[in-house]
Amino acid sequence: MKRELDPHLLSLPESSNAATASSSNIGKAKMCWEDDTQQQDGGMDELLAVLGYQVRSSDMAEVAQKLELLEDLMGNAQGDGLSHLASDTVHYNPSDLSTWLQSMLSEFNPPPPNQFDPMVPPAAAGAPPLPLDDSFLGQADSSTITSIDFDPQNSKRGVFEESSTSDYDLKAIPGGGGLTVPSDSTRPVVLIDSQENGIRLVHALMACAEAVQQNNLNIAEALVKQIGFLAVSQAGAMRKVATYFAEALARRIYRVYPQNPLDPSLSDILQMHFYETCPYLKFAHFTANQAILEAFEGKTRVHVIDFSMNQGMQWPALMQALALRPGGPPAFRLTGIGPPAPDNSDHLQEVGWKLAQLAETINVEFEYRGFVANSLADLDASMLELRPSEVESVAVNSVFELHKLLARPGAIEKVLSVVKQMKPEIVTVVEQEANHNGPVFVDRFMESLHYYSTMFDSLEGSASSNDKVMSEVYLGKQICNVVACEGVERVERHETTAQWRGRMGSAGFAPVHLGSNAFKQASMLLALFAGGDGYRVEENNGCLMLGWHTRPLIATSAWQLAATTSAALVH
Amino acid sequence: MAGSNEVNLNESKMVVPLNTWVLISNFKLAYNLLRRPDGTFNRHLAEFLDRKVPANANPVDGVFSFDVIIDRSTSLLSRIYRPAQDGEPQLNIVDLEKPMTAEVVPVIIFFHGGSFAHSSANSAIYDTLCRRLVGICKAVVVSVNYRRAPENRYPCAYDDGWGALEWVNSRSWLKSKDSKVHIYLAGDSSGGNIVHHVASRAVESDIEVLGNILLNPMFGGPERTESEKRLDGKYFVTIQDRDWYWKAFLPEGEDRDHPACNPFGPRGKILEGIKFPKSLVVVAGLDLVQDWQLAYVKGLEKAGQEVKLLYLDQATIGFYLLPNNHHFYTVMGEISNFVSSDC
C-alpha cells in the first residue's frame, strides 16, 4: 500500500539532544547530555561524526522521523519490497544519513514529477528509480577483452561467486551530488610481518634519510652501503622495497639522477605488466568507466578526453558497455593525450587504430584523435575541436596523471580551468592515496616507505614472477622519483583524496558519488585475483578506494562542474 | 501491525538520547537489508555501508594505532592501540612496537560485536570504543578482526581469538616489567561470547588470562525466555534476528543448545574446579537476551568462579557506543577498576 510522502509532514524539528561530553577525557566530562548546544563544525553532531555519520544537530529529529517512516514502510512491505532495497537499489554515500534515508524513501514513494522536493537531490528529483535492466546484460562478441559477467537476478546466493569470463556489466544509474567533509591527515600503517626482524633495516633507512636531509653525505653514504647488506638478509617484499629505496637514496647522494622523462614505450610496457599482475589499474579503469557510463546515459554523441592514454587499455571495456546499451551505442569519440616518443613514432595513432578496429567489430561509430603534449598544462580547450555540449557530451579521464602537474606552480590550476572550458559531464580522477608531497624530505621518505611496502606486499602473492618483477620495476621508478628527485623533476607528487577534494572544490567542481553497485562489482573483480586475499574496496564520502588489508592505496573520484548542481540550494 | 510498531518505536525513543536512537536505528535498518531470509548475507552491501577508519600512527587524544597481520595464512589482522608517551609528538615506524615503559601495562584483547556477522576491527564505532579503553585503562588494546559468519561459521571466530591470544602472549614488547604479558579479554555482543570461549580454551594451556569483560554478551538457547518474549522488538532487537544470527554462526543443522551459544546448557563444559579468569559481565536491562546473560552469570557462580554482574536497568544495546549517558560512564569506571585492581 502506498503512502504519500508529504514533505510538509516532516515538521520543524524539536530541539535535538546532543552530548557535550568529550570522548576521552572521562574525568572532565560534563554530564549534561540533555542540552542542545550549537555544534562547531557546520552544525554536525560531533559524536556521530566521529562514528562516520554526517548529521546536522538541527536535522536530527527529521532524520529520526525518516528512520521511523522507513521502518514502517519496510515492515508493511512484503518480502519483495525489502529485498528490492537490498539488491537492486543503488546506495550512495551512507555517511550522509539524511540523503541516504531519503533515497530509500523515494523507492517507496516516488515524488510526483513536477514537484520540487527540497530534500531530494536535484539529480534524482522527478525521476523514478531505475529498474534493474536485464536486457543490458549479455555476451559481447569480442573475445579479446576479459571482464566480468554479472547477473544479479540469477546469480547464486553465495559469497564471492563469479563466473570466470565474459563481459563487463556496467549498469547506468543516475549520479547524485552531496556534501564532502575533508578528513584530518592520518598515518595509516599496516605491518605485514612483525617488525622485530626488519627493525635494523628500517632504522638504517630512516637514519640515512635523516642524514641526507641534513646534508651529512658521508654518513649517508656509509648508511646506504649498510642498508644494502641488511636488505640482502631480508625476505620477500621488505627486501625488494629496501633495495629500491636504497638505490634511490644512493642516486640522491651521488647526484646520479634517473633519466626523466622515461621513454614512454618502456613505461607503457612496465605499466602493462603492472596491469596484469595486480588489480590497481583494472580497478581504476573499472570504477572510472562506471562513472563515465552513468554520466553518458541518454546521450547520443559522447567524447572521452583521456589524459592518461598510454596503451588505451581503459577503453575497450567502456566501448563494449556502450555497445550493449539498450537503444544502441552513442557515437563514441576519443581524444588520447600522451607524451612524445623519443623516436617521434606516432604510438598514439597506433593505439587509436587498434581501438578503431575494435569499434568496427562491435558496431560503434568511432572517432579518434591523438594529441602529443609534453605536459597537460600545454593544452588549451581550443586545440581539441570540441563540439557544442548539446551535441556532444564530454568526459575527462585522468588516471595517475594529475599529481604530476604539482611539480610546476600554476600547472594544476591551468589544467583544471581548461577542463572546465571543456564543459564536461563528468571528470574521473584516479590517484594514489598517499601524501608524498609534503615539504619535509624525511616525512616524504617514511610515508612512501610505508606506502610502497604495502604495495609490494600485495604483489607477493601473485602468480607470474615475470610480471611481478616488471611491476616492481614500474613501482621502483616511482620510488626513485619520490626520493631522488626535486623541483620540476620530481613528478610523483601524490596527494590524498582529502587534498584533491580541496583542489577540485576550489577549482569549481562538485563531487559525483560512486555507489554500491560499482563497489560490489569492483569487489567481485578483486576476488578474481589469485593471491589477492587482502585486497579491499572501501567507500569514503562518495569515492571508492582500493587497498591492501586496511590501507587504502588508490582512490577513484568523480566530479562535475559545480554550477550544474543545486548544491547551494540543497545544503 | 503498524500500530504496535509505532508503540515500539516510541518506547525506544524515550530511553536513549536522540542521536543514540538515530545511530542504533540506522544500524537496525541497514542490518535488516543485509540478512536474507535464506540465511545468506549481503556482504558487499555490508562492507559498502560500514563506516571504517584507518589506523593512525599519529597520536590523537593520546592514542595511536597501527594494524598488524598476525597470521598471513588466514589474513588475520589486529589493530593495536597504544597510549602515546607524554611529549612524544609523532612515532616513527620503528617505534610502533617498542617495549612499554610503565611498571605494569594491561593488554586488553578486544573482540568487536556485530552478532558474528557485522563490523570489523576498523569499523568506526569500534575504533572509537577501543581508543576510549586505552585512555580509561591506561592499557594497550588489541582489536581482533576475526572471521565472520555466515561465510565462516563456528569455530572460526574462536580460532582467530585463540590465535590472537597466542600472538599477544608471545610479543616481547607487550611485556610488563615482570616479564609477563598482562592479558585481559574484552568484547561486546558476539565479542563477549568469544571472550568466554577463548578464556575457556586458555585454561587448558599455559597462557594466563587475568580477567574477562563481557559487554551485553551474546548467548542464547532453544527456549524463549521471559525477557525475550517481553522485550521482543521493543528496543531495536528482535527474537527473529537473534535466531538468524545463531543459524548463521552455528554449524549447519545445530540448534541453540550448542555449547557455543549456550555454554551452561546441557552440552556445556563443566567449569567447576578450573582456574577460570574473574569476569565482569555487563547486562543491559532492556536487552532481550538478558535472561541468557544472567543465566551465564549464575553458571559462573555455581561453578565457583569469581564474577561481578553489572545490571543497568534502563540501558539498551549499544549504550557504550556514545559517551552521552550515565551507563557509559558507570561501565567505563567499572572496567577501569577491574583492569587496574591487579596492579
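In what follows, every heavy atom counts, from backbone to side chain, and hydrogens, waters and symmetry copies are set aside. Residue numbering restarts at 1 for every chain, and letters A, B, ... go by the order of the sequence lines. Everything quoted here is computed from the prediction, not taken from an experiment.
- Using a 4.5 Å cut-off between heavy atoms, Leu49(B) touches chain A through backbone and side chain atoms alike.
- Between chain B and the options Leu544(A), Val537(A), Leu101(A), Leu97(A), the largest number of non-hydrogen pairs under 4.5 Å is found for Leu97(A).
- With respect to Glu539(A) and Arg51(B), a salt bridge is recorded, a charged nitrogen being found less than 4.0 Å from a carboxylate O.
- Only the side chain of Leu77(B) has a heavy atom closer than 4.5 Å to any heavy atom of chain A.
- With 3.5 Å as the limit, one finds a donor-acceptor pair spanning the side chains of Tyr320(B) and Asp188(B).
- Less than 6.0 angstrom separates the ring centroid of Trp548(A) from the ring centroid of Tyr535(A).
- For Asn26(B), the parts lying near chain A are the backbone and the side chain together; criterion is any non-hydrogen pair under 4.5 Å.
- Side-chain contact of Tyr53(A) with Asp96(A): a donor-acceptor pair under 3.5 Å is absent, judged by distance alone.
- Heavy-atom pairs under 4.5 Å with chain A were tallied for Pro54(B), Ser75(B), Ala30(B); the largest tally goes to Ser75(B).
- Ranking Leu322(B), Asn122(B), Ile80(B) against chain A, the residue ahead of the rest is Leu322(B), based on heavy-atom pairs under 4.5 Å.
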> Going through the checks in order, is the side-chain hydrogen bond (donor to acceptor under 3.5 Å, both in side chains) test met by Asn324(B) and Thr20(B)?
Replying inline: CA-CA 8 Å; Asn324(B) 60 359; Thr20(B) 301; 3.0 Å; yes
